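These numbers come from a predicted model, not from an experiment. Sequence lines set the chain letters: A, B, ... in the order given, protein chains first and strands last, and positions in each chain run from 1.
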Amino acid sequence: MNEIPARYNPKEAEDRWYQFWEERGLFSAQAGPAKKPFCIVIPPPNVTGILHMGHALNNTIQDILIRYHRMLGCAALWIPGTDHAGIATQNVVEKALAKEKLRRQDLGREKFIERVWQWREQYGSTIIKQLKKLGASCDWSRARFTMDEEYSKAVVEVFIRLFELGLIYRGTYIINWCPRCQTALSDEEAPHRELKGNLYYIKYPLVVGHVSCVFGLTKTRGPRPTAHDEYIVVATTRPETMLGDTAVAVNPKDKRYKHFIGRTLILPLVNREIKIIADNMVDMEFGTGAVKVTPAHDPNDYGLGKKHGLEFIKVMRPDGRMNENAADYKDMDRFEAREVILEDLKEKGLLEKVQPHQLSAGHCYRCHTLIEPYLSKQWFVKMKPLAGPAIEAVKKGKIKFYPKRWTKVYLNWMENIQDWCISRQIWWGHRLPVYYCKNCISHIDIKDNDKRLAISDKPKGVIASRTRPEKCPVCGSSDIYQDEDVLDTWFSSWLWPFATLGWPNIGSRIDKIHPSPSTLHPSPSDIEYFYPTSVLVTAPEIIFFWVARMIMAGFAFIGKKPFRDVYIHGTVRDIEGKKMSKSLGNIIDPLEIIAEYGADALRFSLVSLTAQGQDVYLSKERFEQGRNFANKIWNASRFILMNLDPGYKNEDLSVFFSKNKLSRINRWILSRFYAALKEVNRSLGAYKFNEAANLLYSFFWHEFCDWYLEMIKVDLKNSENQLVMYKALEKSLRALHPLMPFITEEIWQRLGSWGQSPPVFPQEGTVPPKLRSIMTEPWPHVQEQIIDKEVEKEMCLVFDVITLVRNMRSELGIPLQADIPVRVCLASRQKRGLLEAMSGQIKTLAKLNELRIEEHYARQEHEYAAIALGLHVVIPLAGVNGAGQYKEKLTGRIKETISAIKAKEAVLAKTDFIRRAPAEIVENEKAKLKELKNTLSKLKAVEDALK
RNA sequence: GGGCUCAUAGCUCAGCUGGUUAGAGCGUUGCGUUGACAUCGCAAAGGCCAGAGGUUCAAGUCCUCUUGGGCCCACCA
C-alpha cells in the first residue's frame with residue numbers, strides 16, 4: 001500500500017489488465033431480452049493494415065461508446081474483423097513474391113491464393129494485436145474476416161439475389177483501368193487528381209473531293225502552304241489515343257465548321273479516313289471547337305461512338321502498351337508513345353501548338369498509377385433501384401449523420417448514383433458465382449484487335465449459381481467453367497453489418513450454444529436483437545465506398561437500415577495540416593506513443609483534440625497532455641490511497657445526504673461532480689467527445705485536485721472527508737473509464753473494497769483472482785438532488801477570497817513562506833458567517849496566520865493595502881517593497897471599472913433595450929452595474945487609504 | 001463548374017439554440033522542494049474574434065460580399 005510509485009507505469013499495467021478483461025470474457029455481449037442492445041460494427045481494417053493514427057482515433061471513439069454503454073447497462077457488442085482487401089493484399093503478396101523473383105503467374109492461381117492465405121496466417125492478425133494494445137473492448141470471439149466461409153456465403157447470396165432481380169448485368173463499357181494492377185476499378189476507386197498537362201493542337205487534313213490531301217504523309221515532302229479549309233485542328237490532352245480516333249466532332253451550331261460536317265479527314269500517322277460529325281455535346285468554346293473522337297478510349301467519346309455508330313478501335317493492351325492497331329507505335333508504353341507521336345507530328349508539321357493545361361484525371365487508389373479509360377467487358381450493379389430507400393431513410397431522419405453536413409454529401413452522391421463496376425481482374429477475392437456453358441454460349445472475350453463490338457451482352461448461357469452447377473440447365477452439358485474475375489472488395493464490405501451477425505443463416509449463434517429452455521421467452525437471434533446496429537463510426541473518405549453502400553444493402557437484403565447514427569470523425573493530419581501518410585514520412589506511430597506515454601494518454605489526447613467533424617492536427621507533444629493527466633490521476637489517487645484509513649466504514653452517501661450532515665466543501669465537490677457528469681452524459685450522447693474529455697479533465701484536475709483535496713488536507717482523517725474523498729475518486733474513475741480504461745482499472749482495483757471487511761488490495765504486478773472489474777460496474781447515476789447551485793455559489797466566494805489574497809501577495813511580492821494577517825470586510829452577515837466557517841481552509845490555502853472578518857471597512861493608517869471585489873480584502877503593507885507597483889495597478893483597475901460602468905450605463909440608457917430585451921436580461925445588467933459601482937467605491941476607498 | 005469547410009491569445013484549437021469582463025492546452029514571465037504529483041503548485045502577461053457591409057435592443061455567434069487556406073464532387077476534349 002505505501003509502496004505506490006510516484007509515477008504511473010502504463011506499460012506494465014496495460015497488458016496485465018487487458019489480459020484480465022479478455023480472460024474473463026468481459027468483452028462479449030449476448031442477445032437477450034433483459035438488456036437493451038447497443039451494437040457497433042468495426043470498420044474492418046485491411047488484413048494488410050498496421051495501426052496508424054486514423055485507426056487509433058476511429059477505434060478509441062468506438063471503444064468509448066462501447067464502454068460507456070456497457071456501463072450504462074446495455075448489452076454492448078462491438079463486432080471486430082478484418083477485410084480481405086483484394087487489390088491491396090494481392091499487391092503486398094506479389095511484392096513478397098518478387099523478392100523470390102517470382103510473379104503470381106509463375107505460381108498459378110491456386111498456388112498464389114494459397115500463398116495469400118499463408119501470408120494472412122502469418123501477418124493478418126497484426127492489426128488485431130495492435131487494437132488490443134489500444135484497449136479496444138471488441139468481442140473477439142465474434143471476429144469476422146470477409147473471406148471466411150460463412151461470410152462468403154453472404155456474398156454469393158447477395159450476388160445471386162441481385163442477379164435474379166435483374167440488377168446485375170454484364171456489359172462492355174469504358175471503365176477505369178489500372179494498367180499496373182491490370183484490373184478494372186469502380187469510379188470511387190479512381191479518385192481524380194490535378195495534373196499539369198498540355199493541350200496539344202493537332203492538324204487533321206481534309207480529304208479534298210475524293211482525293212486525300214497527301215501532305216505530311218510522306219517524310220520527303222514537307223507540308224505545303226495551306227489554305228484554311230485544308231485541315232481541321234483538334235485539341236487533345238492525350239495525343240496517343242488519336243491512333244484510335246474514328247471521327248472528329250463539331251457543334252452543329254458552330255459557324256466555323258458548319259460546312260465541314262459530313263466531310264472526311266485523314267487521320268495522320270495511321271492514314272485512316274474518318275468523318276466529321278456534328279453533336280451538341282461539343283463545347284464550341286473549348287480548344288478549337290473540334291474534338292477528336294476515340295470511342296474505345298474515352299468515356300465521352302464512347303457515348304458519341306454509340307450514338308453515331310462509329311467504330312471502336314482499341315489501341316492499347318491491358319498493360320498500358322500500344323497494340324497492333326497502333327501501327328508503328330506497337331509495344332510502346334502509353335507515355336513513350338505520346339512522346340514519339342508528338343515528335344512525328346511535329347516533323348510532319350501537323351502539331352500546330354502546345355498549351356500548358358491543368359487537368360485532373362483518375363488515379364488508382366491502391367498504386368496511384370494514372371488510370372486509363374479502357375473499353376472492356378465487366379459486371380455491373382444497377383444502383384438506382386437500390387438507392388431509393390437509402391435516400392428516403394436519410395431524408396426522413398431515420399439515419400442521422402453527425403455532423404449533419406455529411407447528409408448533403410451523401411444525398412448528392414446517392415441522387416447521382418452511377419452503376420457499380422464490381423468485377424476485378426485479380427485473383428484474391430470472392431470469385432464471381434457465375435458459370436458459363438461452353439456449349440450454349442459463344443462467349444468471346446474482347447480481343448485487342450476487335451474493331452467492332454457487340455454492344456449488348458445478354459446473359460445467354462450464363463449461369464449464376466450459389467454452388468457450382470454439375471450440368472448446364474439448358475443443354476445438359478457438363479462443359480462448364482467459372483468466370484475468372486473476382487468481386488470488388490467493397491462488394492463484401494457492404495454486407496458487414498448483417499453478415500457479421502450471421503446473415504443469411506438466421507439461426508442465432510447463441511441459440512445453438514445455449515438452446516433456450518423456455519418457449520415463452522425464446523432468445524432472439526443475434527440479428528433480431530442487435531440489428532439495426534446503433535452507430536457507425538468512420539472517416540469521411542469512405543462515405544461512398546462503404547457507408548452509402550451499407551445503407552443500400554441493409555434495405556435491399558434485410559429490409560431495415562443497418563445503423564441509426566453515422567458519426568464521421570475528422571482526418572488525422574500532421575501539425576502542418578498534411579494528411580498523415582507513409583509516403584510523406586510524417587507519421588506519428590500510435591504504438592510508439594503507447595510505448596512512451598501509454599494507451600490512456602494516447603486515447604485521451606486524441607479525443608480531447610477531436611471537435612466534432614474537425615480534422616485533428618497532431619504533433620508528438622500533444623500526447624504529453626494525456627500523459628500528464630494520467631499522472632495527475634495516478635498521484636491524486638496515490639494520495640488518497642495513502643490517507644484512506646481502513647478502519648472507516650464505506651457508507652451509503654445518500655444516507656449522509658438525507659441527514660444533511662455533509663460539510664459545505666463535501667457538498668460542493670459532489671455537486672460539482674454530478675453537474676460535470678450530467679454534462680458528460682449530454683456530450684457523449686451528442687458524440688462530442690472532446691467536450692466530455694475536457695469536462696472530466698477540468699473537474700478532476702482543477703476542482704477535485706486543486707481545490708478539494710487541498711482543502712480537506714486541513715482535516716484529512718475526518719470520517720466524512722474520508723468517505724467523500726473516496727466516493728468522489730471512485731465515481732470519477734468510473735466516469736473516466738471509457739476514456740482511459742487502463743489506469744482507471746489499475747487504481748479502482750487498488751481502491752479495492754475499502755470500508756468493507758476484509759479489504760482487498762491487490763499486490764503490484766498481480767491480477768487478483770476473483771475481482772470485479774470497473775468496466776462492468778455501473779456508470780454513475782446523476783443525483784439531481786445533490787447538485788446544489790447555492791453551495792457552488794458559496795464556495796465561489798471562498799475561492800475568490802483565496803485567489804484575491806494570492807493575487808495580492810504575488811503583486812505585492814510577499815513570498816509564500818511568509819505567513820501574514822489579513823482582514824476581510826463585507827456587509828453581508830451570511831457571507832461573513834460562511835467565511836468564518838471556512839476560515840481554517842482559507843488560512844491554509846492563502847497562507848495566513850490571521851484572518852479577521854469584519855462588517856465594515858474602516859480606514860486605517862498607511863499600513864494597509866487593499867483590493868476590492870464586492871468586498872474588502874486587506875493586507876498589511878508594512879515592509880513590503882512592491883507597494884508602488886501595486887498602486888499603479890490599482891489606478892489601472894479603477895480606470896477599467898469606470899469604463900465598464902460607462903458601457904453598462906449606455907446600454908441601460910437605451911429605451912429599446914429596456915423595452916425589447918427579456919426582463920431577465922435587463923435585471924441582470926442592472927445588477928451588474930450595481931456591483932461595478934460598489935466595486936468602484938471600494939477601490940477608491942483603498943486608493944485613499946494608500947495616499 | 002458545383003458543393004463543403006476553416007480563419008478567435010505566440011502556437012494548436014474550444015466557444016451548443018445571438019445576452020456577464022471571449023476560454024483551454026502548450027509556450028512565455030515572476031515566485032515556489034507547502035503532508036500525492038516538477039509529467040507539479042501559485043500568480044501574471046497576451047485577443048479590434050480575417051476584412052467590409054447588413055439584420056437586431058444586443059453579433060465571435062445569424063445573413064451577404066471580399067480576401068486567404070484546406071477538402072470533396074463533376075463526362076475540364
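- For A:Lys713 and A:Phe639, the positive end sits near the middle of the six-membered ring, less than 6.0 Å away and at most 45° from its axis.
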Could you spell out the base pairing of RNA chain B in dot-bracket, with Watson-Crick or G-U pairs whose two distances are under 3.5 Å, [ ] crossing and | to another strand? (((((((..((((.....[...)))).(((((.......))))).....(((((..]....))))))))))))....
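- With sequence neighbours excluded, the residues satisfying ring-ring contact (aromatic ring centres under 6.0 Å, His included) with A:Phe604 are A:Phe629, A:Tyr697.
- For A:Lys688 and B:A14, the shortest distance from a side-chain N or O to OP1 or OP2 is not below 4.0 Å.
- Atoms CG (A:Leu609) and C1' (B:C26) sit 11 Å apart, rounded to a whole Å.
- In this structure A:Glu925 satisfies the salt bridge (charged side-chain N to carboxylate O under 4.0 Å, His left out) test together with A:Lys904, A:Lys928, sequence neighbours excluded.
- Checking the phosphate oxygens (OP1, OP2) of B:C4, no side-chain nitrogen or oxygen of A:Arg405 falls inside 4.0 Å.
- Annotation: salt bridge (charged side-chain N to carboxylate O under 4.0 Å, His left out) contacts of A:Lys793 (sequence neighbours excluded): none.
- Residues that satisfy the side-chain contact (heavy atoms from CB on, under 4.5 Å) test with A:Ala728, not counting sequence neighbours, are A:Phe704.
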Each nucleotide in nucleotides 27-39 of chain B should get exactly one letter: B, S or -. Can you fill that in based on protein heavy atoms under 4.0 Å? --------BBB-B
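- Evaluation of the ring-ring contact (aromatic ring centres under 6.0 Å, His included) rule for A:His357 yields A:Phe286 as partners, not counting sequence neighbours.
- Residues meeting the salt bridge (charged side-chain N to carboxylate O under 4.0 Å, His left out) test with A:Lys620, sequence neighbours left out: A:Glu596.
- Legend: residues meeting salt bridge (charged side-chain N to carboxylate O under 4.0 Å, His left out) with A:Lys902, ordered by chain and number and at least two apart, are absent.
- Straight-line distance from the NZ atom of A:Lys793 to the C1' atom of B:U20: 13 Å, rounded to whole Å.
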